[in-house]
Number of protein chains: 2
Amino acid sequence: MRSITMPATLKDIAKETGLSTATISKYLNGAKLREKNRIAIEQAIRKLDYTVNEYARGFKLNRSHIIGVIIPDLNNLFITNILVQMETLLREHDYSIMICDCHTDAALERELIHFLLGRMVDGIINMPVCATGEHLKPALSKKVPVLVLDRMISGLEGQIDNILIDNASIARRAVQSLIDQGHRQIGLIIGPTDYSTSRERLEGYRQALASSGITVNDSLIAYSDFTVEGGYESLCHLLKCNPNMTAVFPTNYDMTLGSFIALKEQNIRIPDDMSFIGFDDMGLSRVTHPPLTIVAQPLEQLGIYAARRILSRLEDPDEVPISITLSASLKIGTSVGVPRHVEDE
Amino acid sequence: MRSITMPATLKDIAKETGLSTATISKYLNGAKLREKNRIAIEQAIRKLDYTVNEYARGFKLNRSHIIGVIIPDLNNLFITNILVQMETLLREHDYSIMICDCHTDAALERELIHFLLGRMVDGIINMPVCATGEHLKPALSKKVPVLVLDRMISGLEGQIDNILIDNASIARRAVQSLIDQGHRQIGLIIGPTDYSTSRERLEGYRQALASSGITVNDSLIAYSDFTVEGGYESLCHLLKCNPNMTAVFPTNYDMTLGSFIALKEQNIRIPDDMSFIGFDDMGLSRVTHPPLTIVAQPLEQLGIYAARRILSRLEDPDEVPISITLSASLKIGTSVGVPRHVEDE
DNA sequence: GTGAAAGCGCTAACAT
DNA sequence: ATGTTAGCGCTTTCAC
């Protein structure tokens, strides 16, 4: 006899209704059957509080309906904004996500691939730390669909899906808009250059300057670390080394917050004393006066595309992996003005 | 014959080594055996690239090694700070977490309990939206251990674990420290009072004032919503209604950020013009000058205790659910000063 | 439309 | 120390 705490199984429903487990299973999976039987089954299910044992089903069908997600840091609004959309959309399709934080540690990242494969995940979404993509090989050789998020990995074309943002383009446009206002001494606060996103933003900055015939002044480029503290210190450093700097462009949210606070604390007015273009349209950018001109990355879209792509791959194993690049937009505020020396002319 | 993409099974290893599946299973689960056989198995495992089918194992043993986690919002550093520790510790014990964001929607929260139970999670950790705990009943009746995080739910004592922070106490101490400096007009920015944390912080504020014989002035209490915008607007509102206010105490991280920026923008100096005690020692508090006096909640500890408790419950089903209350601390900076009118006396 | 039976990969008696 | 065997709950032929 089945104890009070043991959940009911198909067999119990079969016994209760006098039907076979096969029939009930089929019904549960969408088959049609005699009205009388349908009702009997529904009744038995309610009476015995039956729910499908997804574990047995997954075991039988060899699919878990779980997507593994490996990210470098959960404590990051840029990342969670993407995850929220992904999770919501995947759950609507009856998939759940297993999030693993590798703490920006490439060795742990590699381990986590194995961890997730051991958990029989149906697919893997990864914002990679390891730039070579070497860590993804075990998943690929097991034919588990892999999607790489927000960072470029070369050498795996055609084997993985890739959702990217056109960082070079948006950085170029942002810096160009500063140049158009007359700025020549434009500070850039950039993240670690082992990430393709940082390199591309730097490249966009260089392109904009080059196309206007402005020589790049290396002392205007602060190499930072994507943190609030990093942004704060970089801004202070840039100011000290470049008294003539008239505009500054931090290139992620935390550094935007840090450098914004540094400016406020030094009583440097935006845009009167310093023009400012921030990054990522979250928290801070919703309250500042003047409203910030800001690079708005389509984070929700990133999450949605990632979820859609992995679902497509799962539905049709023959689907070919592709790379999708989304455009960011420049949200215009009033934190960019005409630089002093131009006004004076 | 097993196709190239089908993963190897115990049977394959058995065939390869000439041993039985039982022996290999036992070895995999820690049993000792003849050195010769051990080597043969290791070799076969490597040759066939075998990994345990966790799905079959979980099915057989009726445990998934998955903890379901339901939170009101992933886009929240307070929450992710807790999750990071939880995830790390649980994974070290070979558990993974399935995170579901209910978007502060009680109906979705209830649904997610069913979703997770259907996924056969071994336990559930929940920072609840629903204050009655009604949504947890299905989990409890299935004997799935439930742990409630950071919020009090009454009526479920002895049935659920509960990890809390002593909000009343820390709020009282924070406000007391302002009173000790001579402040009498102390603004409070509080979150939605449907959460026990908000009510307790408000209670702590009241207690501190009462114990010093100060009458509570309702116009000094701003009921806000835990967001950056909310903090910004609440600060502006408090200032307008209370020109005599000499100190302000926002009670979560986002509202701390919002009100801090509002002060900066109005050129109100901290602590000269306004004393300030912030909440949650993250991002902002690491860069401000002067360093903020701040309520530091033990977020990492919260995550660690939650993980430990649920692991204990899983290891020993007879373990009795308990409630643990952690103390927050007041990190002293220099954002609190002596109010003007006292200096003048 | 319905049922009988096989089997997914693993573990746990139980036997040797 | 190792093998035999049954069976977890489900889906899926293949009959009828």
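Below, chain A is the first sequence line, B the second, and so on; all start at residue 1.
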Pick base, sugar-phosphate or nothing for A:Tyr27, based on heavy-atom distances below 4.0 Å to the nucleic acid. nothing
Listed nucleotide nearest any side-chain atom of A:Arg57, set C:dC10, D:dT11, D:dG3: D:dT11
Do A:Phe59 and the base of D:dC10 stack face to face, with centres under 5.5 Å apart and an angle between planes under 30°? no
Whether the side chain of B:Asp161 engages the backbone of B:Ile322 through a donor-acceptor N/O pair (distance < 3.5 Å, no angle test) should be reported. yes
Sugar-phosphate only, base, or nothing, as touched by B:Asn29 at under 4.0 Å among non-hydrogen atoms: sugar-phosphate
Expressed as a whole number of angstroms, how long is the span from A:Asp12:CG to D:dC8:P? 11 Å
To the nearest Å, give me how far apart NZ (B:Lys11) and P (D:dG3) are. 16 Å
Whole-Å distance, B:Arg63 CZ to C:dC10 P, equals 14 Å
Gap between atoms CG and P, on A:Leu19 and D:dT11 respectively (whole Å): 15 Å
With a 4.0 Å limit, can you tell me whether B:Ser25 has a side-chain N or O closer than that to the phosphate oxygens OP1/OP2 of C:dC10? no
B:His65 NE2 - C:dC10 C1' separation (whole Å): 15 Å
Quickly work out the B:Leu28 CG to D:dT2 C1' distance and round it to whole Å. 15 Å
Check this for me: does the side-chain of A:Lys26 come within 3.5 Å of the base of C:dG3 through a donor and an acceptor? yes
Does the distance from a Lys or Arg side-chain N to an Asp or Glu carboxylate O, for B:Arg91 and A:Asp101, drop under 4.0 Å? no
Applying the side-chain contact (heavy atoms from CB on, under 4.5 Å) test to A:Leu74, which of B:Leu77, B:Thr88, B:Leu74, B:Ile82 qualifies? B:Leu74
For residues A:Ile165 and A:Pro298, determine if any side-chain heavy atom of one lies less than 4.5 Å from a side-chain heavy atom of the other. yes
Please state how far atom CG in A:Leu33 lies from atom P in C:dT2, giving the value in whole angstrom units. 5 Å
Would one find a side-chain N or O of B:Thr23 under 4.0 angstrom from OP1 or OP2 of D:dG3? yes
Are A:Arg151 and A:Tyr195 in a cation-pi setup, meaning NZ or CZ lies under 6.0 angstrom from the ring centre and within 45 degrees of the ring axis? yes
When A:Ala56 and A:Asn37 are each assigned the nearest nucleotide of DNA chain C, the 5'-most assignment goes to A:Asn37
From CE of A:Met120 over to C1' of C:dC8, roughly how many Å is that when rounded to an integer? 13 Å
Do any side-chain nitrogens or oxygens of B:Thr9 fall under 4.0 Å of OP1 or OP2 in C:dG9? no
Base, sugar-phosphate alone, or nothing: which one does B:Leu10 contact when heavy atoms must sit under 4.0 Å apart? base
Measuring from the side chain of A:Ala22 (C-beta onward, heavy atoms only), which nucleotide among D:dG9, C:dA12, D:dT12 has the closest atom? D:dT12
Looking at A:Tyr55, I'd like to know whether one of its side-chain N or O atoms comes within less than 4.0 Å of OP1 or OP2 on C:dG9. no
